[in-house]
Amino acid sequence: MGRYSRLRRIRRLDPQQDFERIYRWIIHYEFPRDYLHGTSIAFLRDYGVPRISRLLDHTQEFERAGQKRYDDTVLITYEMVRAGMDSEHGRAAARHLNRIHGRYRIADEDFRYVLATTVVGPKRWIDRYGWRRLCEQETESLALVGRRMGELMGISGVPDTYAAFERLHDDYEREMFAYDPANRRVAAATLRIMAAWYPAPARRLASRVALAVLDEPLLEALGFEPEPRWLRAAVHRALRIRAVLIRLLPGRPERFPRTPRARTYPFGWTLDDLGPHWAHSRPTTPLQDETPPEQAPAPGQLSPPSP
C-alpha cells in the first residue's frame, strides 16, 4: 500500500458519519505509536491540576500497580471503540468505566478536561512529530469520538468540534494549572513506569527525554526543572528524523493492524481484567440512553481475550 493511499480514502469520507472508522485507521494504521505517545503526554497533563492529582495520589494506583493502571486506561478506550462505540461490547466497556469512576466524586469540568487531553494531546503530538499532520477529517474524527465517549460517560457540556475541545483544554489549563506535591508524586510514578520499558542503563535518559518534550507551564505545575536546551533540541531533532524515515516506508497493510500490546496482560484480557480489583463488586448502572435495570434485558457476555 502506498504511504498516502489511506489518506486519500480518508479525505473522501464524512467524519460525521464515518468518525469511528477514521479513528480506527488513525490508531491502528496511520499513527499507532504516535497516538500512544500523545496519549502518554495527555496523562502527564492531567497531573498539572492539583485536585486531579490529589485524587490519583490518594488512590495510590500508580504506586501500587502503575503499569496495570496505565495499561487499563489505554485498553478501556480501545475496548470502547474496537467493535463500535454503540455495539453491545462498546457499551459494556462504557458501563464498566462508569462503574470505576462512580466510586469518586469528580466534577464534570474535570471530566471534560481529561477527555479534552485525549483529543488535543494526540493531535498536537502527531502534528509536531508524526510523519504527516492530521487532515481535517481525522482531526474532527478525534473530536467526535471524544464527544461520543463523553456522552456514554454521562458527562454534560462535552464539546462537539476539535476547536471547542482545544479552547476548553487551553482555558482550563490557564485557570487550573498549579504546583502541588501530589502533582510531582503522581508524575514521578508515571515516569518510572515509562522508564521501566527500557533496559536499566537507559532508564534515566528515557525519563529525561520524556521531560524534554514537555512545555514549561506543565513542568512548573509538576515541579520539574526544564531540561537543558541542548537536550530538548536533540530530542526534537531525533523525533523529526524518525518522522522522515517513517514517511519513506510503505503504508501498513489492512491485514496487519497494530493493536495494543499491554505488558500487564501478555496472554490477552477481557473487560473483567481491567480496572481496580474492587470495581467488580460494584453494580453497573445503565447508560443515559438505556432502559433502567428492572426493565432491561439481561446483559450479554463479555468478549473473549483480545489477541
Side-chain angles (χ1 to χ4, degrees), residues 1-43 71 73-91 93-94 97 115-152 158-166 239 242-262 268-269 303 306-307:
M1 172 177 284
R3 172 45 81 185
Y4 291 91
S5 299
R6 193 172 284 110
L7 173 61
R8 288 191 287 270
R9 293 163 64 188
I10 290 171
R11 283 177 168 160
R12 292 196 293 268
L13 298 177
D14 177 5
Q16 294 293 331
Q17 302 295 324
D18 302 305
F19 64 91
E20 290 190 63
R21 182 183 183 187
I22 296 171
Y23 179 82
R24 285 192 287 269
W25 278 349
I26 292 171
I27 67 174
H28 293 312
Y29 296 100
E30 294 290 273
F31 305 100
R33 294 190 68 87
D34 286 300
Y35 181 85
L36 285 176
H37 290 324
T39 302
S40 297
I41 299 300
F43 292 165
D71 287 339
T73 303
V74 172
L75 294 177
I76 287 180
T77 302
Y78 168 73
E79 291 297 322
M80 286 180 69
V81 301
R82 72 178 178 87
M85 300 179 77
D86 285 298
S87 68
E88 177 50 39
H89 185 75
R91 286 174 166 268
L97 181 60
L115 195 60
T117 63
T118 67
V119 174
V120 177
K123 155 74 171 168
R124 288 181 173 175
W125 177 277
I126 291 170
D127 284 354
R128 188 177 187 188
Y129 295 124
W131 63 272
R132 63 170 174 83
R133 296 173 64 88
L134 291 180
C135 68
E136 179 181 350
Q137 290 83 353
E138 291 168 321
T139 299
E140 289 309 316
S141 293
L142 287 180
L144 292 169
V145 166
R147 181 190 69 178
R148 185 60 186 142
M149 190 173 297
E151 291 171 350
L152 292 171
V158 178
D160 58 0
T161 66
Y162 177 79
F165 267 112
E166 192 170 46
L239 290 169
R242 167 186 172 271
V244 171
L245 295 176
I246 293 175
R247 193 179 303 132
L248 298 176
L249 298 174
R252 182 178 289 270
E254 295 286 336
R255 64 184 181 277
F256 294 129
R258 184 178 179 88
T259 55
R261 293 179 174 87
W269 63 88
S303 66
S306 299

Item to complete: Return the minimal non-hydrogen interatomic distance between Arg3 and Pro250, and the atom names on each side.
Response: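 Taking Arg3 first and Pro250 second, the nearest heavy atoms are NH2-O, 3.4 Å.
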Worksheet item: Does the salt bridge (Lys or Arg N to Asp or Glu O under 4.0 Å) test come out yes or no for Arg132 and Glu138, once each step is laid out?
Response: CA-CA 12 Å; Arg132 63 170 174 83; Glu138 291 168 321; 2.7 Å; yes
Discussion item. When you compare the side chain of Asp86 with that of Arg148, does any pair of heavy atoms fall below 4.5 Å?
Written reply: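 Contact flag for Arg148/Asp86 side chains = yes.
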Worksheet item: Is Tyr129 close to His37 at the side-chain level, that is, under 4.5 Å between some pair of heavy atoms?
Response: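 The answer is no, as the side chains (C-beta and beyond) never meet within the 4.5 Å cut-off.
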Worksheet entry | Presence of salt bridge, Arg9 and Glu254, under 4.0 angstrom |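 Salt bridge: yes.
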Discussion item. Do the side chains of Glu88 and Arg91 get close enough for a salt bridge, i.e. N-O under 4.0 angstrom?
Written reply: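 No, no charged N to carboxylate O under 4.0 Å.
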Worksheet item: Does the side-chain contact (heavy atoms from CB on, under 4.5 Å) test come out yes or no for Val158 and Phe165, once each step is laid out?
Response: CA-CA 8 Å; Val158 178; Phe165 267 112; 3.8 Å; yes
Discussion item. Salt bridge (Lys or Arg N to Asp or Glu O under 4.0 Å), that's the test. Do Glu136 and Arg11 meet it? Break it down for me.
Written reply: CA-CA 8 Å; Glu136 179 181 350; Arg11 283 177 168 160; over 6 Å; no
Worksheet item: Just wondering, are more than 12 heavy atoms of other shown residues or ligands nearer than 6.0 Å to CZ in Arg33?
Response: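 Counting neighbours around CZ of Arg33, 12 or fewer heavy atoms of other residues, nucleotides or ligands fall under 6.0 Å, so no.
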Practice prompt. Could you tell me whether a side-chain N or O of His89 sits under 3.5 Å from a main-chain N or O of Ala83, the two making a donor and an acceptor?
Written response: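 No, His89 side chain to Ala83 backbone: no donor-acceptor pair under 3.5 Å.
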Pairs under 3.5 angstrom only: tabulate donor-acceptor contacts from the side chains of residues 18-25 to other protein residues two or more places apart or in another chain.
unit_1	atom_1	unit_2	atom_2	d
Asp18	OD2	Asp14	N	3.4
Glu20	OE1	Met85	N	2.7
Tyr23	OH	Tyr35	OH	2.7
Arg24	NH1	Val81	O	2.8

Practice prompt. Anything under 30° is parallel, anything over 60° is perpendicular, the rest tilted; go ahead and classify Tyr78 against Trp269.
Written response: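 It falls in the perpendicular class, over 60°.
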Discussion item. Working note: Thr39 + Thr73, criterion side-chain contact (heavy atoms from CB on, under 4.5 Å); need CA distance, chi angles, decisive distance, verdict.
Written reply: CA-CA 10 Å; Thr39 302; Thr73 303; over 6 Å; no
Discussion item. Less than 6.0 angstrom from the centroid, inside 45 degrees of the normal: does Arg6 satisfy that with respect to the ring of Tyr29?
Written reply: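 Checked: cation-pi criterion met.
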